[in-house]
Structures are given as structure tokens and as C-alpha cells.
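Structure record follows, encoded as C-alpha cells.
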Number of protein chains: 2
Amino acid sequence: MDRINAMRAFVTVVSEGAFTRAADRLETSPQLVSKYVSQLEQHLGVRLLNRTTRKIHLTEAGTSYHQRAQQVLNDIDEMESQIGDLQTRAQGLLRISAPVSFAIRHMAPLLSEFQKAHPGVGIDLQLNDRKVDVVEEGFDVVLRIGHLKSSSLIAKRIAPVRIVMCASPAYLKQNGTPQHPEDLQGHRYLRYSYIELDSSQSLHRWLQNNGQNNSSGMTSNNGDVLVESAISGAGIALQPTFISGPAIKEGKLQVILQEYELEPMGLYAVYAHRQLLASKVRSFIDFIDGYFGDPPYWD
Amino acid sequence: MDRINAMRAFVTVVSEGAFTRAADRLETSPQLVSKYVSQLEQHLGVRLLNRTTRKIHLTEAGTSYHQRAQQVLNDIDEMESQIGDLQTRAQGLLRISAPVSFAIRHMAPLLSEFQKAHPGVGIDLQLNDRKVDVVEEGFDVVLRIGHLKSSSLIAKRIAPVRIVMCASPAYLKQNGTPQHPEDLQGHRYLRYSYIELDSSQSLHRWLQNNGQNNSSGMTSNNGDVLVESAISGAGIALQPTFISGPAIKEGKLQVILQEYELEPMGLYAVYAHRQLLASKVRSFIDFIDGYFGDPPYWD
DNA sequence: GGACACTATCAACAATTCATTGATAATAAC
DNA sequence: GTTATTATCAATGAATTGTTGATAGTGTCC
């Protein structure tokens, strides 16, 4: 027996004063209402209503139960409609994790526009380059760069991420422009600590051999620093175009070994479930998807 | 789906932090708990928990729902246990209707003893000789004298009620003692307005003919008055022995036409239902049943 | 006062839902 | 890399649900 329905039936019978009218209002048959009330009485072990075929009268137990049951039903209704509101109008706090360099350069206008479109949504943006656990750390969405291995999570590809090698024209003039990965030998490499590379690619093979023990170059876990260093002639950086793009456009950096370019990675929005998504999350996913254009505006 | 069970499952999962432990505590299978929570989510249209195989995390909607759901469950539990108490310990207000003359003479000690045995029960005793509607007027028990025709109500026979004709020895000396119903002709009849008589009886036939238009005697709707009148020699009264008994024992009244005595009626306790009786009612019925003895102490 | 309409409930059936079992994918610990 | 644990899925038989038609009680209207 669904006690909530039974309670609702009982309360309706009391307020309507008759089983038939209660059944009308609940859009069921009088038989069912009668059965519900009987079952409720059986469950409680007390008669709630004294009834003839014409009149209904509450017993003492019924009176006491009625009040409280009505309160409980109100609470439930309110509770559910509140959940419903939370669902239809996007609202609440949206907790996002994003890669540091990407967020610094490209998240601010997006979030500002998103909040203009969804005033009820507050945003908590956490910048992080390490691997973040969506559920464990309570994020609604995690933006991540790389090739995603399958898991129980949903990963929606938001934008392609091209990783290019580049250096300042001055540096290349002084040290020569590599035409082949093997020419990289002896160059100063500006290494990014967290980069995930697909080992099937030739560019990677060199990096594995020479990049790892990068005695002559520098290493950082922040791409901006590396790109800025490259711009000032510190060496060769392997960084995504969403960082190096403007500098390349302005001629401050020059792309090298373009024909050996790494297979494009992606910017992914990772979230927990496809179904029953809170609408703040769904709205955000919809919003960010396509926001950067294809190809993205930084390329 | 029983939403209450589903809510309980959800709340337990949250408080236990795992489906398996929740299942243990609820004494069901983890599968069922999982299903309940899923159904609840489906019903609400929101994800309540983000879950991997290892960790559980509340969503925002889940957090909001959890609090309120717990409150609702507490309310329900409290409500039901209160009803249960009301049921096991007899308590509450017991509303009784009883015939005027009977109640005046015989109810006081009974009620006093009953309340001593059941301190939690308050009593509202309404004296009334008209036909009272148990459910309509909200009585728990109606004591009624007569032959009960079947209805949806339960009528438990509490004691036999003998109706006897009697008059004072002085009256009989002066007017003669009737030996046969036909001898009643010409006597002064002290008529009771509400008496219900079975028309198959010879005594009744006379009353129908002679009693109805009772020009020479008197009529009252109160048996005590009639009996007192009979004692003081006003005529012949047809009244139950629970009124006339003591006067008869003391010789103030003399029974006549004993061989034509009306078939004994009964004192009935009428109540609405046999099952799911509030225990204050059941206790009272049990208490009054047998209280007057068989034959009753007034005979 | 008797036919009538209305009401609550009962009984029985078909459709649905339920709880259980075993299997599976994902994850953490060893 | 293997094992153990966890949540969920899938399939099955069992229990429950809501429906239908029937029945008894109860006012009402001529």
C-alpha cells in the first residue's frame, strides 16, 4: 500500500465529506478510495471514520490523525514542488572545475554571459590542473583537457585543443628552426609537468627521450609561464593554441614542426549523469557547447 | 511505488553513506534500496545522489530533499506511534448516550468503577430517550432499550429488561386486581410515551386499543415519574423492573398480570463497528457486559 | 409509504508492480 | 594484476493493484 496515497485519500474524504466526491477530486473510483481508507485503518489498527452510506464522521483517532496527516501531505507537496522549481528554473550553486590556464584566458566572459542568462545560478569556479574527481569532490561539471578514457562519467567534447610547438622568432634565428623531430636535440625545451601525451606519436617519442630529463630547459605546471618564457626567447614550448594563439597571431611566436603536430586533443565537460541532470548543469553544458566556435576563436 | 518506503530508503542511504549498509539496516537487499532511490529520483525528476561504486555524494537537490524528507518521516512515525498508544492504552474521550431513567439509577457506579480501571478515559454521558444516531451525533456507544432491528450497527445485548405491569397495593385494593388483560378496561393507565412494543403480544393489543387515547390516566416520557405515581396510587404502570424493582421488593408496588408479561426486551450497547474499535470503546463494552449480572441485580 | 437514486463496500479478476535471484560493470585495496 | 566490494541491471515468479459488476444500507421524492 502506498501510505501517501492512502493518507491523501483519507484527508480528501474528510474534507469532501463523502467517498464519492473524494474519488471525483482524486480522479479515481470510490471503490479505490474506500479500499485505501480501509487499508490505512487496518495499518493503524484504528477506525478513523464512522460511516454509513450517507454520512461520514471522524472518530477521535481520526480527528487526531487527520490534522497531522494533512500537515504531512502539505510538507510533502511543498517539498516536491520546491524540487520541481529547482529543476525547471535553473538555480542553485554550480560548482565547476577547470584547467588553470584555460580558465584564466577563456572562462571569464563565458561565465559572465551565462550568469546574465541564468540569474538564479551562482558559480563556484575552482581552477585545477590535476585530475579532479567529479563526484568525490562534489563538482557539477569538470572541464578537462586530454583524451578521455571511458568510465561511468559522461564526457562531452566542447572544443578541439590543438597542441603546437612554438618558439620566438629570435630564439629560432639564434638556434635554428627544427625541420624534423630529431632536430630538436640540443634545443631548450620548456616542459609542462602535467601534459598527457599519446605515445604513438613521433613528437612524443622525442619528448620522452629528451624532454623528461630536461636539464637545459625549464619545467612548469603552468602553461602561461611557459608560453611567456617562449615569447621572451627561453626555448621551445609545446602548448595548446588557446594559450599560444594570440602570440602566434601577433608574430611573437612561430609554430614549428607543424606537420608533426600532435593529434588534436579536446576540451571536455565531464559530469556525472546524462539523465536527471539538475537544470543548472544542463543549462551550463548547453551554454558552453558551441560557445567557443568551430574552429575555436583562438585558432 | 510506496513513496514513504522510497523516502526512508533514500534517507537511510544518506545517513549510512552506502547502499549496502542502508540495506542491512532496513533489512532488505541493496538491489531494492537502489531501485527505490532510482524510482524516487525518477518521480522527482532530479538526481538526488551522485554515486560511484565506492562513494555517495548528495546533489544540491538531494541535500534539500534529505532534510525535509527526514522531518516528514519523523512526523509520520510520531503520528503512527501516537495512534498506536491511543490504541493500546485506552484513552481519550468516551461519548456515551444512555436512556434517562436507566442511567440515573444504574450508570453512576459503573462509570465510576470504569474510570478507576481506565484512568486515561474521559467520559461524556448524554442522557436521552429518543432514538439517537450513533454516527450522526458522534457517540462512541449508545445504550438503548428495546428490540433492535438489524442495521449496519453492532448491538450487543448487555442485560435483559423485563417490563412488568404494577400498581400500588392500595390502588389494587380499591380498583380490583386485573387477572386478565381484558380486565384492564376502565383502569387508569400511566402511559410511557416512547415505549416500543411488539404488536404480537396480547398485552399490547389492549394497550393499543385503550392505552393510546389515555383519557383517564396520565402520560409521561419519564418512567421514574410514572413509577412514583403508581406508588402513590395513581394507576397502573407498565415499566421496566430496573425502575420498579426496588419498590416491588419493598412491597410498595405489586406486579399484576405476570403470566401475560411482555417478552423480555434487552439493554443493548450499540456501536459502529466490530473491528478496529478504539480500545476505549472496546474496554467499555467489555466492562459493561456482565456488570449487571444475570439475572440483573435489580430483578 | 413505496419506488427510486445514491452511497459505501464487497468479491473476483486481469494487469501491473513488486521483491528476489543471479549476473555485470566499475572501483578500491592488497 | 588480482581480489573484494559496490551499485546496478535483467529476468523471474509472487504479490498487489485498480477495475468491474454486484449488494446492502439510506435518504428523497412523488
Side-chain angles (χ1 to χ4, degrees), chain A residues 1-6 8-10 12-14 16-43 47-57 131 133-136 148-155 270 272-276, chain B residues 1-6 8-10 12-14 16-43 47-57 131 133-136 148-155 270 272-276:
Chain A
M1 172 195 48
D2 186 339
R3 291 226 281 303
I4 291 183
N5 282 342
R8 207 176 291 280
F10 167 65
T12 310
V13 167
V14 171
E16 291 290 324
F19 280 69
T20 317
R21 252 173 299 154
D24 280 353
R25 199 140 81 78
L26 296 171
E27 296 180 354
T28 56
S29 60
Q31 287 95 324
L32 202 51
V33 174
S34 168
K35 208 189 242 180
Y36 271 169
V37 174
S38 299
Q39 285 177 342
L40 190 60
E41 289 178 329
Q42 200 116 24
H43 172 75
R47 196 92 185 177
L48 296 171
L49 294 168
N50 281 331
R51 38 201 188 271
T52 65
T53 55
R54 292 284 151 177
K55 290 271 165 65
I56 294 285
H57 267 259
K131 195 185 163 196
D133 189 314
V134 180
V135 298
E136 180 70 20
L148 283 254
K149 53 177 183 180
S150 73
S151 88
S152 60
L153 302 168
I154 307 301
V270 180
H273 307 278
R274 208 181 288 280
Q275 293 174 332
L276 298 177
Chain B
M1 171 193 50
D2 186 341
R3 291 227 281 305
I4 291 183
N5 282 343
R8 207 176 293 280
F10 167 64
T12 310
V13 167
V14 171
E16 291 291 324
F19 280 68
T20 316
R21 252 174 298 153
D24 282 353
R25 199 140 81 80
L26 296 172
E27 295 180 354
T28 56
S29 59
Q31 289 94 323
L32 202 51
V33 174
S34 168
K35 208 189 246 179
Y36 271 171
V37 174
S38 299
Q39 285 176 342
L40 191 61
E41 289 179 328
Q42 199 115 26
H43 172 76
R47 196 93 187 174
L48 296 172
L49 295 168
N50 280 331
R51 38 202 189 274
T52 65
T53 55
R54 291 285 150 179
K55 288 271 164 64
I56 294 284
H57 267 258
K131 195 183 162 198
D133 189 313
V134 180
V135 298
E136 180 70 19
L148 283 257
K149 53 178 183 180
S150 74
S151 87
S152 61
L153 302 169
I154 307 301
V270 180
H273 306 277
R274 208 182 291 280
Q275 292 172 333
L276 297 177

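Bear in mind the structure is a predicted one, so any value in this text is a computation, not a measurement. Naming: A, B, ... by sequence-line order, numbering from 1 per chain.
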### Message
Show the nearest heavy-atom pair for residues B:V270 and B:A155, with the distance to one decimal.
### Response
CG2-CB, 4.2 Å

### Query
Is the shortest heavy-atom distance from the side chain of A:F19 to the side chain of A:V37 under 4.5 Å?
yes

### Query
Is a side-chain N or O of B:S34 found less than 3.5 angstrom from the main chain of B:P30, in a donor-acceptor match?
no

### For atom NE2 of B:H57 and atom P of C:dT27, their distance in whole Å
14 Å

### Query
Does B:L49 offer a backbone N or O that forms a donor-acceptor pair with the side chain of B:E41 under 3.5 Å?
yes

### Task
Consider the side chain of B:A18, meaning its heavy atoms from C-beta on, and name the nucleotide among C:dA8, D:dT19, D:dA7 that approaches it most closely.
D:dA7

### Query
For B:R47 and D:dA7, what is the distance between atoms CZ and C1' respectively, to the nearest whole Å?
11 Å

### Task
State which of C:dA8, C:dT9, D:dT8 makes the closest approach to the side chain of A:R51.
C:dT9

### For atom CD of B:Q42 and atom C1' of D:dC9, their distance in whole Å
14 Å

### Query
Would you say A:V33 and A:T28 make side-chain contact, with heavy atoms under 4.5 Å?
yes

### Query
Taking NZ from B:K55 and C1' from C:dA29, how many angstroms apart are they, rounded to a whole number?
12 Å

### Query
Taking for each residue the nucleotide of DNA chain D bearing the nearest heavy atom, is the 5' side occupied by B:L32 or by A:T28?
B:L32

### d(CZ, B:R3; P, C:dT17) in whole Å
15 Å

### Query
For the pair made of CG in B:L49 and C1' in D:dT8, what is the distance, rounded to whole Å?
14 Å

### Query
OP1 or OP2 of C:dA19 sitting under 4.0 Å from any side-chain N/O of B:Y36?
yes

### Query
Atom CZ of B:F19 to atom P of C:dA26: distance rounded to whole Å?
17 Å

### Query
If you check every side-chain atom of A:Q39, which of C:dT9, D:dC9, D:dT17 has the closest atom?
D:dT17

### Message
Nearest to the side chain of A:T52, heavy atoms from C-beta on, is which of C:dA8, C:dG22, D:dT26?
### Response
D:dT26

#### Entry: N/O (side chain, A:S38) to phosphate O (OP1/OP2, C:dT9) under 4.0 Å
no

### Task
Go through D:dG18, C:dC6, C:dT20 for me and flag the one nearest to the A:R54 side chain.
C:dC6

### Task
Nearest whole angstrom, please: distance from the P of D:dT17 to the CG of B:D2.
9 Å

